[in-house]
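These notes are about the structure you will find just below.
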Amino acid sequence: VLDRDHYLCQYCKTIGKLKPNSKTVDHIVPVEAQPNSKADISNLAVICRQCHHKKTIWEQKYYGTGQDNVLTGAKPIENIGEIVKLINDRHP
């Protein structure tokens, strides 16, 4: 996945930023929300630390992932561009 994505954060890339040397591989749809996609390479993308932090917070609210959370049963979102819009949405 790192080679396929050229070590570029795919989340930053969708908004025109090129962030090289990103070395984390992320499940686009978290394994907790979609266990059958754990080994599916199409569900993996390179992500930078900043995007990973924002996405984790969003996943906890949207999917109910994380320790002591309850899964919400939310519809899986597989489109990185759509996820980027949602993790950067800043409603008061």
Side-chain angles (χ1 to χ4, degrees):
V1 173
L2 292 169
D3 288 334
R4 178 197 71 194
D5 292 349
H6 305 288
Y7 291 81
L8 295 171
C9 175
Q10 299 303 293
Y11 297 81
C12 286
K13 188 176 172 186
T14 65
I15 56 171
K17 292 182 184 176
L18 294 181
K19 197 173 283 183
N21 300 317
S22 297
K23 296 178 183 166
T24 300
V25 175
D26 176 61
H27 285 94
I28 299 166
V29 176
V31 173
E32 289 173 84
Q34 194 170 317
N36 293 339
S37 67
K38 183 175 185 175
D40 182 357
I41 196 165
S42 68
N43 187 44
L44 298 173
V46 173
I47 192 168
C48 68
R49 188 171 46 179
Q50 293 86 356
C51 286
H52 193 258
H53 176 73
K54 289 192 287 187
K55 184 172 179 274
T56 298
I57 292 168
W58 171 77
E59 287 174 341
Q60 290 171 343
K61 293 175 187 171
Y62 183 78
Y63 291 111
T65 57
Q67 188 174 357
D68 298 327
N69 284 344
V70 177
L71 293 177
T72 64
K75 177 184 165 238
I77 300 174
E78 299 170 351
N79 181 286
I80 291 174
E82 188 176 340
I83 294 169
V84 168
K85 288 177 187 171
L86 292 167
I87 67 175
N88 289 313
D89 193 13
R90 305 227 189 254
H91 290 291

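Scope of the values below: all heavy atoms of this structure, side chains included, with no hydrogens, waters or symmetry mates.
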Scan side-chain atoms only and decide if N69 and Y63 contain a donor-acceptor pair under the 3.5 Å cut-off. no

Quick check: is Y11 connected to L18 through a chain of hydrophobic side chains (ILVMFWY, heavy atoms under 4.5 Å apart)? no

Is V31 linked to V70 within one hydrophobic cluster, defined over Ile, Leu, Val, Met, Phe, Trp and Tyr using a side-chain heavy-atom separation of less than 4.5 Å? no

In this structure, would I28 and L8 fall into the same cluster of hydrophobic residues linked by side-chain contacts under 4.5 Å? no

Out of curiosity, Q50 CD to I47 CD1, how far, rounded to the nearest 0.5 Å? 10.0 Å

Distance-only, no hydrogens or angles: does the S22 side chain make a donor-acceptor pair with backbone N or O of V46 under 3.5 Å? no

Can any side-chain N or O of K38 pair as donor or acceptor with the backbone N or O of H27 at less than 3.5 Å? no

Nearest 0.5 angstrom please: I80 CD1 to C51 SG, how far? 10.0 Å

Closest heavy-atom pair, K23 versus Y7, reported as atoms and distance to 0.1 Å, is CG-CD2, 4.1 Å

Nearest-0.5 Å distance that lies between atom SG in C9 and atom CD1 in I15: 8.5 Å

Step through the shown structure and confirm whether more than 12 heavy atoms of other residues, nucleotides or ligands are within 6.0 Å of NZ on K55. yes

Name the residue from I77, V84, N88, T65 that meets the side chain to side chain contact (heavy atoms under 4.5 Å, CB included) definition with W58. I77

Checking side chain to side chain contact (heavy atoms under 4.5 Å, CB included) against Q34, which of N43, D40, V29 comes through? V29

Does any part of the side chain of T14, heavy atoms only, come nearer than 4.5 Å to the side chain of Q10, both counted from C-beta? no

Tell me, yes or no, whether the heavy-atom count around R49 atom CZ, taken from other residues, nucleotides or ligands under 6.0 Å, exceeds 12. no

Rounded to the nearest 0.5 Å, what separation is found between the CD1 atom of I57 and the NE2 atom of H52? 11.0 Å

As an exercise, state the distance from SG of C12 to NZ of K19, rounded to the nearest 0.5 Å. 4.0 Å

So CD1 of I87 and NE2 of H53: to nearest 0.5 Å the spacing works out to 10.5 Å

